[in-house]
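What follows is one structure encoded as structure tokens, with my remarks underneath.
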2 protein chains.
Amino acid sequence: MLKKRNVMTIGTLAKTAGVGVETVRYYQRRGLMSEPEKPYGGIRHYDEQALARLHFIRASQWLGFSLDEIGELLTLQDGAHCDEARELGEQKLTSVRRKISHLQQIEQALNELVQKCSAGHGDVYCPLMASLNDGVEDATTDKHKVR
Amino acid sequence: MLKKRNVMTIGTLAKTAGVGVETVRYYQRRGLMSEPEKPYGGIRHYDEQALARLHFIRASQWLGFSLDEIGELLTLQDGAHCDEARELGEQKLTSVRRKISHLQQIEQALNELVQKCSAGHGDVYCPLMASLNDGVEDATTDKHKVR
DNA sequence: ATTGCTTCCGTAGTGAGGTACGGGTCTAAG
DNA sequence: CTTAGACCCGTACCTCACTACGGAAGCAAT
């Protein structure tokens with residue numbers, strides 16, 4: 001007979017994976033993890049597969065995938081849908097690169113402002129504030145949403 | 001007597017600044033903008049100061065300040081609190097740089113995965129999926145929250 | 001047997017930054 | 001004078017990923 005090793009309760013599972021119990025239950029409700037059957041009137045137990053699933057989810061999140069996207073990735077797991085997975089990865093890569101360049105623009109603008117503030121200047125005049133009042137050069141001229 | 005130029009309704013103000021009417025009203029509720037008095041039973045009107053305020057908010061948001069932080073910045077506007085403003089700017093600069101380096105790590109990891117997927121490989125094996133299952137190298141080993 | 005920690009389960013609240021709705025009032029055009 | 005289109009105002013709802021709450025029941029140690 002099979003010897004089940006590393007059988008855990010939800011609390012142990014969660015702690016091992018470094019998440020909260022409520023988070024595991026939340027993932028179950030979202031359909032990202034299945035809820036194991038519970039023995040009559042007892043407590044559900046989780047095995048290493050559940051732990052692996054949790055690791056998968058956290059790794060994907062770290063890469064910037066949303067829980068919905070992770071759901072998609074998970075449907076690709078059974079079977080060799082490598083192309084679809086790569087496609088999702090490429091889309092994410094593109095969006096990550098967009099975010100980086102956006103943040104780099106901000107970094108530059110902010111850096112300039114702070115520099116100007118540090119170089120002394122007459123009182124009752126603050127370069128940072130002045131720029132904010134004028135709209136940080138062409139920052140607000142591109143009308144796309146900030147969110 | 002003063003000639004009021006460019007007197008606007010809330011709709012015109014919002015459109016000019018490129019935001020929604022509801023957004024202006026939301027900023028008023030948040031205390032970022034004041035609500036002008038309304039003439040008896042009439043319609044409030046807004047001047048260029050209100051528009052400037054809106055520009056200030058959007059410019060600050062573009063730089064990554066939250067609405068709460070923008071509130072702080074606004075209290076520094078009257079009077080020459082340049083040092084405090086610069087301090088806030090520096091904090092934001094630090095956090096922007098942290099975000100950039102975080103995203104760059106992600107970019108690198110994701111890029112490698114996608115590359116490996118593009119280079120052919122035996123079926124029933126997907127490097128991207130494999131990495132997610134293993135936890136993307138040391139990505140999940142640093143146990144800090146993803147949020 | 002009693003204490004005290006988990007687990008179970010559903011529902012509700014959080015935070016950020018809005019967006020939508022609905023009923024009433026104004027104003028300008030035809 | 002009527003009607004279309006703003007405006008006024010409060011309240012509710014949205015997304016995302018959780019987090020908290022509360023009462024009942026189980027399990028382990030003393």
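Chain identifiers are assigned alphabetically (A, B, ...) following the order of the sequence lines, protein sequences preceding nucleic acid strands; residue numbering begins at 1 within each chain.
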Select base, sugar-phosphate, or nothing to describe what A:Tyr40 touches, counting heavy atoms under 4.0 Å on all strands.
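No contact at all - A:Tyr40 keeps every heavy atom at 4.0 Å or more from the nucleic acid.
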With A:Gln28, which residues qualify under side-chain hydrogen bond (donor to acceptor under 3.5 Å, both in side chains), at least two apart?
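Scan of A:Gln28 (side-chain hydrogen bond (donor to acceptor under 3.5 Å, both in side chains), adjacent residues dropped) gives A:Tyr46.
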For A:Glu72, side-chain hydrogen bond (donor to acceptor under 3.5 Å, both in side chains) partners two or more places apart
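If we apply the side-chain hydrogen bond (donor to acceptor under 3.5 Å, both in side chains) test to A:Glu72, skipping adjacent residues, there are no hits.
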Ignoring hydrogens and geometry, is there a side-chain-to-backbone donor-acceptor pair from [X] to [Y] under 3.5 Å?
{"X": "A:Lys92", "Y": "B:Leu110", "result": "no"}
{"X": "A:Ser118", "Y": "A:Val114", "result": "yes"}
{"X": "A:Asn111", "Y": "A:Glu107", "result": "no"}
{"X": "B:Thr23", "Y": "B:Val19", "result": "no"}

salt_bridge(B:Lys116, B:Glu112) N-O dist < 4.0 Å
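Answer for the salt bridge query: no.
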Specify the closest pair of heavy atoms between A:Asn133 and B:Gln77, including all atoms of both residues, with the distance to one decimal.
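Residues A:Asn133 and B:Gln77, closest heavy atoms: OD1-NE2, 2.9 Å.
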Counting side-chain heavy atoms from CB outward, which of D:dC18, C:dG17, D:dA17 is closest to A:Ser66?
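Among the listed nucleotides, the one closest to the side chain of A:Ser66 is D:dA17.
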Where along nucleotides 2-11 of chain C does protein come under 4.0 Å, by heavy atom, of base (B) or sugar-phosphate alone (S), with - for untouched nucleotides?
-----SSBB-
Pairs of donor and acceptor atoms involving the side chains of residues 31-38 of chain B, under 3.5 Å and at least two apart or interchain, shall be tabulated with distances.
from, atom 1, to, atom 2, distance (Å)
B:Glu35, OE2, B:Arg44, NE, 3.3
B:Glu35, OE2, B:Arg44, NH2, 3.3

Quick one: is [X] getting a side-chain N or O under 4.0 Å of the [N] phosphate, OP1 or OP2?
{"X": "A:Tyr26", "N": "D:dC16", "result": "no"}
{"X": "B:Tyr27", "N": "C:dG18", "result": "yes"}
{"X": "B:Gln61", "N": "C:dG18", "result": "yes"}
{"X": "A:Thr23", "N": "D:dA17", "result": "no"}

If we ignore angles and hydrogens, is there a donor and acceptor under 3.5 Å between the side chains of A:Gln104 and A:Gln108?
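There is no such pair (donor and acceptor under 3.5 Å, judged by atom type) between the side chains of A:Gln104 and A:Gln108.
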Degree of bending in the helix from C:dA1-D:dT30 to C:dG30-D:dC1 once both end axes are built from five pairs, to 10°:
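For the helix from C:dA1-D:dT30 to C:dG30-D:dC1, the axes at either end differ by 10°.
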Is any side-chain heavy atom of A:Leu93 closer than 4.5 Å to one of B:Ile106?
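In short, these two side chains do not touch, never coming nearer than 4.5 Å.
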Show the distances under 3.5 angstrom between N or O atoms of the protein and N or O atoms of nucleotides 28-30 of chain D.
none

